[in-house]
There are 2 protein chains.
Amino acid sequence: MSLRYALLALLTAEPLTGYDAAKRFGGSVGFVWHAPDSQIYPELRRMEKEGLIEGEQVRWGPNSTKTRYSITDDGIRAFRDWINAPMDYGPIRDAPHMRAAYFEWADPDCVRENLQRHIDYYTEQRARWAAMRASILDASHPTIATRIEKYPAQEHERIIAYKAFAYQGLVDRATAEIEWAHDGLALVDKLSPPSP
Amino acid sequence: MSLRYALLALLTAEPLTGYDAAKRFGGSVGFVWHAPDSQIYPELRRMEKEGLIEGEQVRWGPNSTKTRYSITDDGIRAFRDWINAPMDYGPIRDAPHMRAAYFEWADPDCVRENLQRHIDYYTEQRARWAAMRASILDASHPTIATRIEKYPAQEHERIIAYKAFAYQGLVDRATAEIEWAHDGLALVDKLSPPSP
DNA sequence: AAAGACTACCTATCGACATAGATAGTTGGT
DNA sequence: ACCAACTATCTATGTCGATAGGTAGTCTTT
């Protein structure tokens with residue numbers, strides 16, 4: 001169900017075609033929520049049927065049109081209700097930590113490699129999240145810039161502060177994961193000293 | 001696919017019925033990987049068909065039997081291969097942080113409630129994970145005790161150390177989430193001072 | 001005018017998982 | 001003897017999402 005609200009969130013900033021939305025899921029929003037276009041197009045149609053968004057045909061070249069969706073008042077209401085509603089935390093499913101719990105079955109070098117990959121992965125993610133956070137804070141991110149124009153100046157601080165806060169959480173988590181993996185590398189070296 | 005390896009992991013400690021396995025997913029393993037029994041029973045049958053595990057009929061009361069599964073050599077090999085293989089990190093889907101990025105749409109009191117729930121949720125989880133870690137370290141956890149008996153003494157340190165390490169990571173993450181939510185509460189108070 | 005990249009949209013299949021049941025035997029306590 | 005609680009297993013339906021395609025128009029560059 002969250003795809004729906006991710007789409008509504010995007011549409012609170014500006015009207016978008018399915019293709020535009022899909023591109024956003026490849027960057028920006030995609031750093032928090034991923035979705036392939038094969039999910040996006042049908043979901044947009046469903047949302048239109050339910051009146052949360054409105055599609056309009058827009059000329060595109062001489063022989064073609066595209067559908068641009070805008071959020072409706074019902075959509076805004078639904079989005080607000082969702083944000084206000086209490087989160088429900090789904091069941092836990094954490095492959096990296098589950099795997100780590102059984103590292104005694106692995107070859108020590110593979111453990112090292114896996115932990116290094118963990119470090120690399122979260123280092124990359126952290127860089128993305130930190131970059132997003134920076135571009136939110138100085139409003140250099142195009143979507144943020146567009147969004148901010150739509151709302152009165154006294155809202156700007158809140159809009160920016162909450163987004164920066166969200167990404168800060170992701171940065172912190174990445175940092176924790178990296179530290180954990182470093183501890184893991186030290187542990188492997190202790191349990192199975194590397195051969196020189 | 002990870003359910004399969006979670007099941008193999010359980011079966012490296014001792015043979016289990018589907019029901020036993022399902023119970024484990026309610027506790028211990030369930031703190032890292034969750035699965036309902038409606039997934040477990042069919043998966044066990046599939047795994048047996050593929051030769052990773054072996055089911056034997058065990059008497060249960062005067063008029064009934066149950067199926068107890070044991071891991072096979074092929075199963076051990078498959079499990080080892082999985083542990084050694086490089087993790088692949090799936091796409092990101094983080095509802096709490098996505099939601100937090102749009103908190104400007106929410107009622108400040110709902111934001112507070114949501115953040116408090118976040119704190120409560122991770123405080124509870126952290127307690128579980130910390131308790132698991134403690135019962136692993138002193139081998140008071142029944143599954144760990146059983147597991148340890150099966151393997152030579154020089155393996156014990158590794159078995160325990162990696163499991164403690166895995167749960168430590170989860171504890172640390174929970175701590176990071178709690179701190180993040182606390183920062184969030186401070187932010188709401190700054191942006192929308194509470195009415196007395 | 002043709003090639004190549006990009007935009008826009010759509011479909012079909014598959015596995016994972018959630019949810020909500022049903023059935024039937026067993027064990028322990030009153 | 002009976003009831004409740006537990007053990008053991010199975011099914012059915014639906015949604016979500018991954019994967020891997022397909023079609024067709026547009027824009028840009030050569």
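Numbered from 1 within each chain, the chains take letters A, B, ... in sequence-line order.
B:R59 comes within 4.0 angstrom of nothing in the nucleic acid, heavy atoms only.
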Per-nucleotide protein contact along nucleotides 15-28 of chain D, 5' to 3', at a 4.0 Å heavy-atom cut-off (B base, S sugar-phosphate only, - neither), is -SBSBB----BS--
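No side-chain donor-acceptor contact under 3.5 Å links A:H97 to the backbone of B:Q168. Judged purely by atom type and a 3.5 angstrom limit, B:D81 has no side-chain atom pairing as donor or acceptor with the backbone of B:A78. At distances below 3.5 Å, at least one donor-acceptor pair connects side-chain atoms of A:E48 with backbone N or O atoms of A:G55. Proximity of a side-chain donor or acceptor of B:S135 to a complementary backbone N or O of B:M132 within less than 3.5 Å is detected.
The CG atom of B:L16 sits 14 Å away from the C1' atom of D:dA8 (whole-angstrom rounding). Distance OH (B:Y41) to C1' (D:dT9): 5 Å, rounded to an integer number of Å.
Between B:Y89 and A:H118, the gap from one ring centroid to the other is short of 6.0 Å.
For B:D183, there are no side chain to side chain donor-acceptor pair (under 3.5 Å) partners two or more places apart in sequence or in a different chain.
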Worked verdict on A:R173 versus B:D94 for salt bridge (Lys or Arg N to Asp or Glu O under 4.0 Å) | CA-CA 12 Å; A:R173 172 192 301 181; B:D94 191 317; 3.1 Å; yes
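Each end of the helix from C:dA1-D:dT30 to C:dT30-D:dA1 gets its own axis from five base pairs, and the two axes differ in direction by 10°, given to 10 degrees.
The other residues sharing a hydrophobic cluster with B:Y41 are B:Y19, where clustering joins ILVMFWY side chains under 4.5 Å apart.
Under 4.0 angstrom from either OP1 or OP2 of D:dT9 there lies no side-chain N or O belonging to B:R45.
The distance from atom NE2 of A:H141 to atom NZ of A:K163, rounded to the nearest 0.5 Å, is 11.0 Å.
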Could you tabulate the donor-acceptor pairs under 3.5 Å formed by side-chain atoms of residues 27-37 of chain B, not counting sequence neighbours?
| unit_1 | atom_1 | unit_2 | atom_2 | d |
| --- | --- | --- | --- | --- |
| B:H34 | ND1 | A:R93 | NH2 | 3.3 |

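When DNA chain C is scanned in the 5' to 3' direction for atoms under 4.0 Å from non-hydrogen atoms of chain A, the outermost contacting nucleotides are C:dT7 to C:dA18.
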